[in-house]
Q: 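Let me give you the structure first, and then I'll get to my questions.
Below, chain A is the first sequence line, B the second, and so on; all start at residue 1.
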Amino acid sequence: MKELRIGLVGAGVISYAHMPALLALGKEVLVFSEVGAPELVAAHGGGTVVDSFDELLARVDVVDVATPTFTHAEYVEKALRAGKDVISEKPLARTDGDARRLVDLAAELGRTLYPAQVVRFFPEYAALQRAVAAGDLGELAVLRFTRSGAFPTRSPWFADVEQSGGIILDQMVHDLDIARWLAGEVATVSAVSRSAGTLDEPVQAAHVLLTHTSGAVSQVSGTWGPQHLAFTTSFSVSGTGGTLSHDSGTERGFSTDLPPAAGTGGLIPDIDPAESPYYVELAEFIAAFEGGPTPRVSAADGAAAVRLGNAALESLRTGQPVSLREEVMA
Amino acid sequence: MKVGVLSFAHVHAYGYVPRLLATPGVEVLTTDPTPWSDPSELRGRNFADQFGAPYVETLEELLAWGPDCVVITSENSRHREFVEAAAAAGVHVLCEKPFATTLEDAEAMRKAVADAGIIFMMAFPVRFSSSFARLRATDLGEVLTIRGANNGKLPTARSWFTDPELAGGGALADHVVHIADLLDALRGVPAASVTATTNAILHTGVARAETAGLLNITYADGVVAAVDCSWSLPDTAPNWGGLTLNVTGTRGGADVDFFGAAVRGVTTAGSAELRYGADLDAAMLTTFLDGVRTGVQPQPDLEVGMRTLQIVLAAQESARTGRTVTV
């Protein structure tokens, strides 16, 4: 079988997580980015820079869109229309309409589209999901998720809610997806949020409450804190069969006690290099493109996560819970 | 000093009675007037006898003894009748949480206490933790976000805990107030609005109220708090539960696990968790008795009880209506 050629679009933080995984999978990687492509290739000692997105489309089989949120829809649509299978960084799109349109377009064109909801591939969340699916926790009742790190100040678009969806759509979309993965469709969404700090050192936090159609309830808390704040995540999930919890801050196979380095706050969690979730994720998607099993996350899941995030943003605006009951029952 | 204990309905009487008996200079008299919610539970003179605590049958006899103060450990819905009786007798009160089960009762209690001019303190022991003192002393910058979880097993030692009439609800009434008290003491900012969602999936058939509850609270200064008050700890857990708090501001974050310190291991009986830490109930009782002795109102006072109850009532209304509710 002909080896798939992968076109990576964008050269930001996520591309630095995807690139080594794609190279480790033995793929030929072509990179297009408005900025930073040569540095990305140089840093990994692999991949080829191309000068335009059109050139990329002409030379690859699969497109991995790892650009800022507000540009996902445009790149994904062009790639699908060019006949490519597509991986899109999360969130699948900035708006619900775009996300749904991309899901429909992929189906219409007979292409596959996978959203990089990478937390489903983190071993602790995967273990939790297997336990829930096996019925170890019985009927789920109450789920709690937290995610904290430094405010992403390296690019101005993160701070612009119109472009990024803010902390809810950029960061908390991971746990919104996990909550729905575990406890099913969501009937109501409500959210509160707070921003503080300065222009140079902004901070932002939000809490989102979900009531699932099953009756289970979830709480997702996100913090973009000061620049030194370590990246940590936690969950606690309880059902009629018991409770499972995890805290990335304490469950560590390797830790150091060294003088603090400047700007050590995290945007990307500490990962076990032997079990990189980015590698597992991309391997699963690429295997599916090559005829392998269906991945654990679908384009529709990606659109549903976007919908939850945008419903939370709507709740912030109105100050009241938002009902999704009619759409999820439809 | 003469200290009365009114009712053994609340399980915390198990903690307070022996501690009071062991306090030098304190004389104790107890009573547990009927009606009892469940006659099969250890109550009344039998309860007092296990500690060797002096006991009388009626509230009238206890008040006729001339106590300086009383500790009220009744069912939540009966706080009002005991507080009104103590206030009428001019006796200072330490009252178990939550303050009351309805706003009407709470307002009547506030009036009775004000009219009598007695000291009234709420029994919120967690704020007496040294970890809380350290949290208060930590400069986190401008506070941004708070997460609090007070999770435990389904309270089964007393059946009224899961009777919404006597308890004033379920997990919301039982557990939200502890975190609300800590945030009240930490920041002194009132809650502005509450959104809550609940269910009764856990302990179906045993509990008669919500067993899981999640809240978003927005405070008057814009700080947002996420609270989990669920009775979500399985019966097989090695301890009753716990309380954790994360506070994050512009300078960074602080995590407090109030009951987290433990020696851990595995024995033939299963997982073992030998908790340690200072006695919060003793510190709280000492603060109350000092207040009674000196006449200086200790904290948490009645208004803390009122504010924490208002958050619970707003959460209950939110869970019922599906709306965000102004406190």
Side-chain angles (χ1 to χ4, degrees), chain A residues 137-144 146 148 187-188 190-198 201-212 214-230 232 234 236-243 245 247 249 265 315 318-321 323, chain B residues 140-147 149 151 171 192-204 210-219 221-237 244 246 248-253 255 257 260 318-319 321-326:
Chain A
L137 293 184
E139 184 186 353
L140 293 191
V142 53
L143 305 86
R144 214 168 65 222
T146 76
S148 300
T188 61
S190 68
V192 295
S193 178
R194 162 102 164 146
S195 295
T198 62
E201 289 241 0
V203 291
Q204 188 175 23
H207 304 299
V208 176
L209 283 179
L210 307 176
T211 308
H212 298 266
S214 69
V217 294
S218 293
Q219 189 161 42
V220 173
S221 293
T223 304
W224 275 345
Q227 293 303 302
H228 72 275
L229 205 70
T232 55
S234 74
S236 175
V237 173
S238 300
T240 52
T243 296
S245 304
D247 186 333
S315 172
T318 63
Q320 286 293 336
S323 175
Chain B
L140 295 169
E142 183 186 348
V143 173
L144 178 71
T145 179
I146 297 164
R147 302 190 304 261
N151 296 136
S193 64
V194 176
T195 319
T197 181
T198 63
N199 64 46
I201 293 171
L202 303 173
H203 315 292
T204 306
E210 79 280 355
T211 48
L214 298 171
L215 290 72
N216 283 349
I217 305 173
T218 303
Y219 282 84
D221 61 355
V223 167
V224 290
V227 174
D228 180 356
C229 65
S230 306
W231 289 326
S232 51
L233 203 66
D235 299 338
T236 46
T244 60
N246 170 282
T248 300
T250 51
R251 288 195 70 239
D255 280 293
D257 187 347
S318 176
T321 62
R323 305 283 294 167
T324 297
V325 173
T326 303

Q: Looking at B:Asp221, B:Val325, B:Thr211, B:Ile217, which has the largest count of heavy-atom pairs under 4.5 Å with chain A?
A: B:Asp221
Q: Considering only heavy atoms and a distance below 4.5 Å, find which of B:Thr218, B:Val143, B:Leu215 pairs most often with chain A.
A: B:Leu215
Q: Under the 3.5 angstrom rule, does the side chain of A:Gln219 hit a backbone N or O of B:Leu214 as a donor-acceptor pair?
A: no
Q: Roughly how far, to the nearest 0.5 Å, is the CG atom of A:Asp247 from the CG atom of B:Asp257?
A: 10.0 Å
Q: Using non-hydrogen atoms only, which part of A:Leu143 is less than 4.5 Å away from chain B: side chain, backbone, both, or neither?
A: backbone
Q: Between A:Thr211 and B:Thr197, does any side-chain donor sit less than 3.5 Å from a side-chain acceptor?
A: yes
Q: Within the distance-only criterion (no hydrogens, no angle test), does the side chain of A:His228 pair as donor or acceptor with the backbone N or O of B:Gly252 below 3.5 angstrom?
A: no
Q: Looking only at heavy atoms and a cut-off of under 4.5 Å, which of B:Gly322, B:Ala225, B:Gly249 has the most pairs with chain A?
A: B:Ala225
Q: Would you name the heavy atoms of B:Ser230 and A:Val142 that are closest together and state the gap between them?
A: OG-CG2, 3.5 Å
Q: Examine whether an atom of B:Asn246 lies under 4.5 Å from a heavy atom of chain A, and if so say whether it belongs to the side chain, the backbone or both; otherwise answer neither.
A: neither
Q: At a heavy-atom separation under 4.5 Å, does A:Ser315 approach chain B through its side chain, its backbone, both, or neither?
A: neither
Q: Between A:Ser218 and chain B, which part of the residue has a heavy atom less than 4.5 Å away: side chain, backbone, both or neither?
A: backbone
Q: Among B:Ile201, B:Thr204, B:Leu202, whose side-chain contact (heavy atoms from CB on, under 4.5 Å) with A:Glu139 holds?
A: B:Ile201
Q: Report which part of B:Ile146 has an atom under 4.5 Å of a heavy atom belonging to chain A: side chain, backbone, both, or neither.
A: backbone
Q: Considering only heavy atoms, which portion of B:Thr198 lies under 4.5 Å from any heavy atom of chain A: side chain, backbone, both, or neither?
A: backbone
Q: Between A:Ser193 and chain B, which part of the residue has a heavy atom less than 4.5 Å away: side chain, backbone, both or neither?
A: backbone
Q: Counting heavy-atom pairs under 4.5 Å to chain A, which of B:Thr195, B:Val224, B:Leu144 comes out on top?
A: B:Leu144
Q: Relative to chain A, which segment of B:Ala196 carries a heavy atom at a distance below 4.5 Å: side chain, backbone, both, or neither?
A: backbone
Q: Determine whether a donor-acceptor pair (N or O, by modelled atom type, separation under 3.5 Å) exists between the side chain of A:Thr243 and the backbone of B:Ser232.
A: yes
Q: May I ask you to name which of B:Ala226, B:Ala237, B:Ala212, B:Gly253 has the most heavy-atom pairs under 4.5 Å with chain A?
A: B:Ala226
Q: Of the listed residues (A:Leu209, A:Leu140, A:Thr223, A:Thr146), which shares the most heavy-atom pairs with chain B below a 4.5 Å separation?
A: A:Leu209
Q: Shortest non-hydrogen contact from A:Ser190 to B:Asn216?
A: O-ND2, 4.0 Å
Q: Taking side chain as everything from C-beta outward and backbone as N, CA, C, O, which of these in B:Val223 sits under 4.5 Å from a heavy atom of chain A? Side chain, backbone, both or neither.
A: both
Q: Are the side chains of A:Pro321 and B:Thr324 in touch, meaning some heavy atoms are under 4.5 Å apart?
A: yes
Q: Look only at the side chain of B:His203 and the backbone of A:Thr240, and say whether a donor-acceptor pair between them is shorter than 3.5 Å.
A: no
Q: Got a second to check how far A:Arg144's CZ is from B:Arg147's CZ, nearest 0.5 Å?
A: 9.0 Å
Q: Using atom types as modelled and distance alone, determine if a side-chain donor or acceptor of B:Glu142 lies under 3.5 Å from a backbone N or O of A:Ala196.
A: no
